[in-house]
> 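Below is the structure I would like to discuss, written out as structure tokens.
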Protein chains: 2
Amino acid sequence: MNIGTASEKSGLPAKTIRYYEDIGLLRPDRADNGYRDYSMSDVHRLRFLQRSRSLGFSVEECRQLLSLYGDNARESADVKSIAETKLVEIDRKLAELTELRNTLRHLVHNCHGDSRPDCPIIDGLSGRTQTQ
Amino acid sequence: MNIGTASEKSGLPAKTIRYYEDIGLLRPDRADNGYRDYSMSDVHRLRFLQRSRSLGFSVEECRQLLSLYGDNARESADVKSIAETKLVEIDRKLAELTELRNTLRHLVHNCHGDSRPDCPIIDGLSGRTQTQ
DNA sequence: TATAAAGCTTCCAGTAACTGGAAGTTCAAG
DNA sequence: CTTGAACTTCCAGTTACTGGAAGCTTTATA
């Protein structure tokens, strides 16, 4: 499929998809006319990149995670250790996102929605979980 | 407190803290010696920035979210609508993070950790939740 | 079949969000 | 009183895109 279709399916702009190719994150086929030709597997990689980037992982972290995906030459002990490291980080992100969501929910439910400017729960946004 | 302390407490490098001041995300006091002087409330803002940036929100989104925090002049209808918009996004991020975590967990538990290179569950990384 | 529009190509320049380093000032310890 | 760490500003470099020009290919319409 052409880059436009891959863009639609992955949620990434065509520009970004070409950039990811430049920096070696994927290597699509080329058709006879010179157009890039994306496989379903390329689209999977792209979707994965879209997701993990939007969740705050750097491109280099995504590259690591992608190396888990479909790289049969890699040793599974290595795979396991990378995955375990990322799991810790993901759990932290999950906790923080959950806290942020709860705060905003509280905000939405407890604020009046009219023009009264007192929303004292907003303090929670800074996440006073640990002692300060 | 000085920028070094604020950096420790917020988890942000001093460089980044100065940069956030440059782009108007906070406005700490200045001591007589010219040093920046951070209040606890500044640190809250910084911690919030650290978190939400690492969760994939852009600086401009953070600015919006920060406008919820401690801005008494803002109308609460406005606050509510911003918060509601962000809630949808946060829920999506939560779902994606959860899925990513499940995939990696599966990976960690099902791969042998030795040198056998077959980890077929890795496909899950692309998140085939919706039909393709 | 002509031709215009849409989609693709490369390349180069610009932006967002930092990040590193130089050069100088101030503070805290010995 | 001096040495080193921490602070200041400023400017240049990096990462991860993003926009636009100039040109080729495909597709839709007259």
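The sequence lines fix the lettering, A, B, ..., with proteins before strands; numbering per chain opens at 1.
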> I'd like to know if A:E21 pairs up with A:R30 as an ion pair, taking the criterion as any Lys NZ or Arg NE/NH1/NH2 lying under 4.0 Å from an Asp or Glu carboxylate oxygen.
yes
> So with a 6.0 Å cut-off around CZ of A:R27, is the heavy-atom count from everything else above 12?
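No, not enclosed.
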> Provide, to the nearest angstrom, the distance between the CZ atom belonging to B:R36 and the C1' atom belonging to D:dA6.
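In whole Å, D:dA6 C1' and B:R36 CZ are 13 Å from each other.
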> Heavy atoms, side chains only, cut-off 4.5 Å: are A:K9 and A:Y38 in contact?
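Side-chain contact under 4.5 Å: no.
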> Roughly how many Å is it from CG in A:L49 to C1' in D:dA16, rounded to a whole number?
12 Å
> I need the OH-C1' distance between A:Y38 and C:dC8, as an integer number of Å.
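From A:Y38 OH to C:dC8 C1': 11 Å.
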> Would you mind telling me which of C:dT26, C:dA17, D:dT26 lies closest to the side-chain atoms of B:Y35?
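Per side-chain heavy atoms of B:Y35, the pick is C:dT26.
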> Rounded to whole angstroms, how far apart are CD on A:E61 and P on D:dT15?
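It works out to 14 Å between those atoms.
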> I'd like to know if the side chain of A:D37 and the backbone of A:M1 have a donor-acceptor N/O pair within less than 3.5 Å.
yes
> Calculate the interatomic distance between B:N2 atom CG and C:dC27 atom P; express it in whole Å.
10 Å
> Would you mind reading off the distance between B:M1 atom CE and D:dC7 atom C1', rounded to a whole angstrom?
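These atoms are roughly 16 Å apart.
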> Could you state the atom-to-atom distance from CD of A:E8 to C1' of C:dA6 in whole Å?
14 Å
> Is the backbone N or O of A:L94 less than 3.5 Å from a side-chain atom of A:T98, with the two atoms forming a donor-acceptor pair by type?
yes
> When you compare the side chains of B:T5 and B:N2, does any donor N or O come within less than 3.5 Å of an acceptor on the partner?
no
> Would you jot down, in residue-number order, the residues of residues 14-33 of chain B having a non-hydrogen atom under 4.0 Å from DNA chain D?
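Correct list: B:K15, B:R18, B:R30.
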